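All ligand and atom numbering here is 1-based and tracks the order in the structure. Computed over heavy atoms, backbone and side chain alike; hydrogens, waters and symmetry mates excluded. Bear in mind the structure is a predicted one, so any value in this text is a computation, not a measurement.
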Amino acid sequence: MILMQGQGVSKGVVKGPIYFYQRAQAVAAHTQSAGLEEEKRRLEEAKAKSMDQLSALADKAREEAGDESAMLFETHAMFVEDEDLCDCMDAALEEEGCTAERAVEIAGEQFAAMLAAMDDAYMQARAADIKDVARRILNNLMGIVDGGIDSEEPVILAADDLAPSETLQLDKSKILGFITQGGSGNSHTAILARTMGIPAICGLGDQLKPELGGRMAYIDGETGKVAIEPDELTLTAFQAKYEKQQEMKVLMDTMKGQEDVTLDGRHMMVYCNIGSPEDVTAVLSNDGQGIGLFRSEFLYLAASDYPTEDEQFKAYKEVAAAMEGKRVVIRTLDIGADKQVDYFQMNKEENPALGVRAIRICLNRPEVFRTQLRALYRASAYGKVAIMFPMITSVWEVKECKRACQKVMAELDKEGVPYNKDTELGIMIETPASVLVAEELAKEVDFFSVGTNDLTQYTLACDRQANDLGKFFDPHHPAVLRALKIATDAAHKAGIWIGICGELGADLSLLETFLAIGVDELSVSPSSVLPLRAEIRKSIAKTCTLEKLEC
Ligand code: PEP
Ligand code: MG
């Protein structure tokens with residue numbers, strides 16, 4: 001048996017034969033230059049061909065894995081035309097009198113080395129993109145078509161490192177899993193593997209040798225373990241996990257299309273939490289009934305400057321339209337505390353979790369808020385969008401949010417821009433203050449959603465980022481559950497619905513309690529939808545009083 005340990009970057013256990021990725025080895029021909037002008041012409045031709053290929057790949061990526069994946073190829077296209085990279089190729093042609101192939105090789109190596117030497121992990125990961133771009137131009141110069149999978153049966157694809165374009169061009173029906181020598185959880189290949197739901201392990205290093213091709217392996221994308229021809233004990237452990245996973249899949253598939261209803265007829269709305277438009281694919285494939293939390297901050301965190309109204313509108317509209325009339329709760333910007341965005345140039349704070357974060361930033365910076373609200377209202381014309389404000393503590397904050405919404409609606413009316421006038425407005429219950437004034441807050445909005453991650457943090461005075469608080473950070477604490485009950489009663493008294501969108505919503509051991517408290521909605525990660533539905537359908541909804549939520 002050979003046992004290898006890497007970094008699990010996309011969950012799941014699979015078994016299958018290892019297949020080493022056949023990459024056409026394009027090595028620059030060190031032949032005589034055909035003359036500066038001719039080599040320049042060849043280089044331009046290969047770059048143009050590369051641009052065409054990348055544009056086709058971007059279209060394919062958009063179709064199969066969403067806009068974010070398509071962006072990879074758009075970025076590659078930008079690299080092909082990058083002024084510095086092109087200058088470097090031209091300089092090699094002119095100064096070294098070499099072939100176009102050699103010029104591409106020199107420029108590619110120089111740029112990749114420069115990126116790899118940077119301190120920033122993200123920039124380091126871009127070195128693989130530059131190599132990918134250089135290889136593409138080189139292949140086009142040499143008329144080489146890159147490899148695929150020459151196997152009848154599905155395989156575990158092994159490689160030194162897979163470039164994003166390579167990953168995307170592969171025939172997914174033939175791939176059980178990915179294992180690579182290099183790469184990181186940050187790399188685009190890992191991101192793509194997760195998007196496609198294919199187990200993946202990276203960072204296996206030199207132990208992953210081409211000689212292992214053809215041998216039977218088990219991989220566990222959660223633990224990062226690879227076992228080749230495992231001994232009996234290891235095999236039993238892998239097999240048990242694999243079988244459990246298969247059984248669960250079959251069982252969970254039977255839950256698709258079923259109602260989220262208890263044995264005694266209580267309905268629960270089971271929605272999903274997402275972080276970007278691409279996650280909608282997983283929502284739909286797991287039969288999520290709506291989106292209970294779209295963390296809009298991904299747009300801000302991923303950008304190097306404030307995202308424009310149109311950029312935001314496009315993202316929100318994409319999600320709203322894809323959900324085809326199912327509710328999509330989009331939370332306004334929730335940065336600050338652990339989510340810092342440089343271009344916001346926030347003051348340094350002693351206690352950022354208690355500082356200017358979330359709605360406080362929006363209320364302090366009306367222009368930032370206005371831009372997002374305009375994008376949200378414009379998107380509301382394309383689906384059932386609901387807007388949710390995070391980190392509320394006071395009634396006046398909600399009134400101010402509503403005034404900002406009114407202003408934006410008046411603007412859109414004036415401009416003749418379509419939007420839904422009845423767009424639901426809700427708030428997150430994440431602070432003890434919001435629980436204590438829940439009755440007053442409930443009169444102002446259409447729904448509550450409890451952010452148990454923050455509610456636990458603020459109720460128990462436990463930093464959610466700290467990893468040494470152990471048993472002190474206890475989301476099952478009666479104080480948290482009673483807070484939930486108080487907010488639920490207040491919501492129902494005002495005739496509005498209440499959900500949970502914090503991690504606790506997926507805690508099956510608390511489902512009975514949530515039902516008894518009277519929670520109407522649970523918003524969980526897409527992969528938790530079907531297990532939750534299975535549990536709801538086995539449950540009976542009791543009721544409970546505050547005192548019953550005991551210490
Ligand atoms: C929460 O606090 O529970 C929540 C859902 O918001 P976030 O985790 O994004 O702060
Ligand atoms: Mg929160």
**Report entry** Residue portion contacting ligand 1 (non-hydrogen atoms closer than 4.0 Å) for E430
**Finding:**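 Just the side chain.
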Query raised in the report: Looking only at heavy atoms, is any part of R464 under 4.0 Å from ligand 1, and if so is it the side chain, the backbone, or both, or is it neither?
Result: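 R464 to ligand 1: side-chain contact only, backbone stays beyond 4.0 Å.
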Query - Y343 ring center near Y306 ring center (under 6.0 Å) - result: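 Between Y343 and Y306, the centre distance is under 6.0 Å.
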Could you tell me whether [X] and [Y] make a salt bridge, using a distance below 4.0 angstrom between a side-chain N and a carboxylate O?
| X | Y | answer |
| --- | --- | --- |
| E259 | R537 | no |
| D264 | K542 | no |
| D287 | K256 | no |
| E367 | R370 | yes |
| R295 | D334 | no |

Ligand 1 contacted by [X] (non-hydrogen, < 4.0 Å):
| X | result |
| --- | --- |
| K339 | yes |
| M428 | yes |
| Q457 | no |

Requested in this report: Could you check whether the rings of F447 and W497 sit parallel, tilted or perpendicular, using 30° and 60° as the cut-offs?
Outcome: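 Parallel: the ring planes of F447 and W497 meet at under 30°.
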Query raised in the report: In terms of ring plane angle, is the pair H76 and F73 parallel, tilted or perpendicular, where the classes change at 30° and 60°?
Result: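 H76 vs F73 ring planes: perpendicular.
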Against heavy atoms of [X], which atoms of ligand 1 measure under 4.0 Å?
| X | answer |
| --- | --- |
| C501 | 5 (C) |
| L293 | 5 (C) |
| D454 | 1 (C), 2 (O), 3 (O), 10 (O) |

**Report entry** ligand 1 N/O within reach of E503 N/O, cut-off under 3.5 Å
**Finding:**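 No; every N/O pair is 3.5 Å or more apart.
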Query raised in the report: With a cut-off of 2.8 Å, how many protein N, O or S atoms neighbour the Mg ion (ligand 2)?
Result: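 If we list every protein N, O or S atom nearer than 2.8 Å to the Mg ion (ligand 2), we get 2.
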**Report entry** Enclosure of N364 CG (heavy-atom neighbours >12, cutoff 6.0 Å)
**Finding:**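 Correct, the count exceeds 12.
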Query raised in the report: Got a sec: does the NZ of K241 have more than 12 other heavy atoms crowding it under 6.0 Å?
Result: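 Yes, NZ of K241 has more than 12 neighbouring heavy atoms, counting only those of other groups under 6.0 Å.
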Report task. Give the residue and atom name of whichever protein heavy atom lies nearest to atom 6 (O) of ligand 1, and the separation in Å to one decimal. Result ->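 Ranking protein heavy atoms by distance from atom 6 (O) of ligand 1, first comes R331 NH1, 2.9 Å.
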Report task. Walk me through it: do E297 and K339 pass the test side-chain contact (heavy atoms from CB on, under 4.5 Å)? Result -> CA-CA 9 Å; E297 48 280 7; K339 293 176 218 153; 3.0 Å; yes
